Amino acid sequence: MTTTVQNFIAGLWTGDPSYERVNPADPSDLVAVAVSSTGKEAGAAVAAASDAQSGWAGTAPTARGRVLLDAAELLGHRAQEVALDLVREEGKTRTEALGEVRRAADVLRYFGAQGWRATGEVLPSSFPDTMVYTRREALGVVAVVTPWNFPIAIPAWKIAPALVSGNAVVWKPAELTSLTASHLVRSLADAGLPPGVLNLVNGRGSEAGEALVSHPDVAAVSFTGSTDVGLHIHEVAGRRRARVQLEMGGKNAVVVLDDADVARAAATVAAGAFGLTGQACTATSRVYCTPGIIDGFLASLEKSAGEFEPGDGRKDDVRMGPVVSDAQLRTIRGFVEKAKNDGASFLHGADEPDGLFLRPTIVTGAKPTADIVRNEVFGPVVAVLEVPDLDAAIDAVNDSRYGLTAGICTRDLASAQEFAARAKVGVVKVNRPTTGLDLNAPFGGVRDSSTNTYREQGMAAVEFYTWSKTVYLGHDRPG
Ligand code: NAD
């Protein structure tokens with residue numbers, strides 16, 4: 001079944017759909033036809049959000065929270081249907097998609113409860129008969145720009161804290177995943193979100209997205225996507241001093257020390273590298289092994305890779321879906337071909353893809369300076385290199401323009417702690433895959449992975465969507 005996806009502006013579904021999205025696992029399955037917006041639609045959405053924002057900010061925080069909680073219930077009831085659309089639209093497996101939809105519902109619950117929580121502070125004052133307190137104020141109209149790889153969870157963890165804090169939102173999802181985006185909007189609209197408080201503008205980043213982040217009435221932009229686009233948005237929106245939050249690319253490394261359990265280390269790396277088809281900002285794409293374990297580790301990793309044969313995510317037993325698009329496949333293949341030409345070897349994969357199905361690829365013998373070791377591939381490809389010891393491994397992990405997540409596999413507590421202290425990344429994982437995060441733990445990176453100013457998820461997220469005002473409340477005693 002093909003679904004048409006319109007924009008959602010001022011509480012109405014509008015626009016003529018023209019952009020066709022085909023299932024990456026099955027070219028005969030036309031999943032959705034979505035509106036391809038221009039600056040005109042982006043402008044109309046910002047105007048609708050501006051009109052609605054002060055009314056929404058004036059609504060009791062508990063009432064705002066209630067809308068999010070009700071939307072979570074609706075999304076939960078629709079989870080199977082939404083997950084199937086996500087599988088068809090993005091390509092991930094049914095288990096991955098259902099997990100993501102349920103995560104989005106939990107995020108709405110978590111931030112819905114924020115309506116009942118304290119948001120300011122009461123402070124002691126040096127002035128007599130004076131109370132000092134802080135209020136968290138909404139920013140106004142917030143633009144949310146999101147990628148295709150987590151098309152409902154990432155938007156939920158931006159939109160929910162924005163809404164509960166009293167902001168109005170204009171959201172530009174990735175063009176590839178408009179249908180999944182529409183499900184989140186529908187749940188919030190059906191839960192009673194007033195018109196104009198959340199607006200959906202589908203279309204290309206270079207048109208609708210650019211117009212949105214350049215709009216003078218947009219007070220803040222929260223973006224997740226590639227580093228190049230993020231840095232461009234920083235310039236455009238930063239020029240007018242809009243608040244900007246960027247979560248961007250990664251080149252996440254795992255260190256495997258001699259004392260690690262070899263089979264568990266391989267399973268941890270395989271889950272991080274090949275789960276989600278390697279299309280996660282937190283995916284493992286470099287591994288540094290010490291000399292005593294590298295041979296055993298590679299043999300074990302090759303075995304684990306065999307468990308990730310790609311297939312159509314609609315089938316129950318498939319553990320890895322296709323690559324999302326032809327363009328993404330070309331990028332991944334480009335990295336692999338270049339590594340081949342540079343003299344690297346391959347233990348698994350690196351063969352011809354079947355449509356968009358690409359087998360997990362293990363690269364060995366690449367130089368530390370090779371493209372495949374230094375740049376984000378965003379596919380099921382991992383490079384394994386040898387390092388003499390933990391010190392050298394930490395230096396290699398930190399020698400990157402990125403700094404999102406990093407992991408270590410070891411049974412030695414001192415090595416784990418040393419790594420946690422010295423790895424220059426936003427999230428460290430010990431004996432766990434670099435992917436997979438809790439919704440209540442702050443998330444973000446350093447260097448070119450993030451603006452590294454405001455974290456996402458958990459209560460840290462609320463800081464981005466509010467500003468702090470200090471109030472002095474004096475009272476004169478009678479007489
Ligand atoms: P992308 O940068 O191409 O697009 C992201 C979003 O930006 C899309 O909605 C796109 O339409 C929009 N966009 C593009 N050009 C724009 C412009 N000029 N102005 C405004 N908006 C514009 O990224 P993608 O291919 O959708 O996603 C993959 C990337 O996202 C990878 O680099 C990955 O690492 C990153 N990512 C990062 C995180 C994180 O939390 N750090 C999470 C998921 C994905």
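Just so you know, ligand 1 is whichever comes first in the structure, and atom 1 is the first atom listed for that ligand. Only a predicted model underlies this, so the values are computations on that prediction, with no experimental measurement involved.
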Tell me whether the rings of W148 and F378 are parallel (<30°), tilted (30 to 60°) or perpendicular (>60°). perpendicular
Hey, which atoms in ligand 1 end up nearer than 4.0 Å to a heavy atom of A174? 9 (O)
Backbone, side chain, both or neither: what part of T224 comes under 4.0 angstrom of ligand 1, heavy atoms only? both
So, R21 side chain and L176 main chain: donor-acceptor pair closer than 3.5 Å or not? yes
If you measure from each non-hydrogen atom of I154 to ligand 1, which part falls under 4.0 Å: side chain, backbone, both or neither? side chain
So for ligand 1, is E456 a polar contact partner (N or O within less than 3.5 Å, distance only)? no
Distance-only polar pair, side chains of T434 and N252, donor-acceptor under 3.5 Å: no
So with a 6.0 Å cut-off around CG of D16, is the heavy-atom count from everything else above 12? no
Point-to-point distance, once rounded to the nearest 0.5 Å, from CH2 of W171 to NZ of K158: 11.5 Å
Check whether any protein heavy atom sits under 4.0 Å from atom 4 (O) of ligand 1. no
How far is atom 26 (O) of ligand 1 from its nearest protein heavy atom, and which residue and atom is that? W148 CD1, 3.1 Å
List ligand 1 atoms under 4.0 Å from F223, heavy atoms only on the residue side. 2 (O), 5 (C), 6 (C), 7 (O)
Considering heavy atoms of the protein only, find what lies nearest to atom 9 (O) of ligand 1 and give residue, atom and distance to 0.1 Å. T146 O, 2.7 Å
Quick one: which of F378, W171, F150 has a heavy atom closest to atom 33 (C) of ligand 1? F378
Short side-chain donor-acceptor distance under 3.5 Å, W157 and E456: yes
Under 3.5 Å between some N or O of ligand 1 and some N or O of S226? yes
Any idea which atoms of ligand 1 are less than 4.0 Å away from a heavy-atom of P173? 9 (O)
Under a 3.5 Å distance rule, please check whether T227 uses its side chain to pair with a backbone N or O of G249 as donor and acceptor. yes
Looking only at non-hydrogen atoms, the one of S325, A42, C281, A280 nearest atom 36 (N) of ligand 1 is C281
Please say which of R314, K315, R88 ends up in a salt bridge (Lys or Arg N to Asp or Glu O under 4.0 Å) with D26. R314
If you measure from each non-hydrogen atom of I233 to ligand 1, which part falls under 4.0 Å: side chain, backbone, both or neither? side chain
Measuring only between side-chain heavy atoms, which start at C-beta, is D326 closer than 4.5 Å to L356? yes
Full working for side-chain hydrogen bond (donor to acceptor under 3.5 Å, both in side chains) between E41 and T38: CA-CA 6 Å; E41 288 83 359; T38 62; 2.8 Å; yes
Which protein non-hydrogen atom lies closest to atom 31 (C) of ligand 1, naming both residue and atom, and how far is it? E376 OE1, 3.5 Å
For atom 41 (N) of ligand 1, what's the nearest protein heavy atom and its distance? M248 O, 2.7 Å
For A48, is there any backbone N or O sitting under 3.5 Å from a side-chain donor or acceptor partner on D51? no
Between the main-chain N or O of A138 and the side-chain N or O of N167, is there a donor-acceptor pair closer than 3.5 Å? no
For the residue pair V382 and V254, establish whether any side-chain heavy-atom pair is separated by less than 4.5 Å. no
Under 4.0 Å from a heavy atom of V145: which atoms of ligand 1 are those, numbered in the order shown and with their elements? 6 (C), 7 (O), 9 (O), 12 (C), 21 (N)
At a 4.0 Å threshold, what atoms of ligand 1 neighbour a non-hydrogen atom of F443? 40 (O)
Just to confirm my output: which protein heavy-atom neighbour is closest to atom 18 (N) of ligand 1, and how far is it? E210 OE1, 2.7 Å
With atoms numbered from 1 as shown, which atoms in ligand 1 lie under 4.0 angstrom from a non-hydrogen atom of K172? 8 (C), 9 (O), 10 (C), 11 (O)
Ligand-side contact atoms (ligand 1) for residue partner H232, heavy atom cut-off under 4.0 Å: 18 (N)
Run the numbers for me: atoms of ligand 1, each under 4.0 Å from some heavy atom of L404, listed by number. 41 (N)
Which residue owns the protein heavy atom closest to atom 35 (C) of ligand 1, what's the atom, and how far is it? G225 O, 3.2 Å
Nearest to atom 27 (O) of ligand 1, what protein heavy atom do you find, and at what distance? P147 CB, 3.3 Å
Could you identify the single nearest non-hydrogen protein atom to atom 15 (N) of ligand 1 and state the distance to 0.1 Å? V229 CG1, 3.5 Å
Are any side-chain N or O atoms of R240 and backbone N or O atoms of H215, one a donor and one an acceptor, separated by less than 3.5 Å? yes
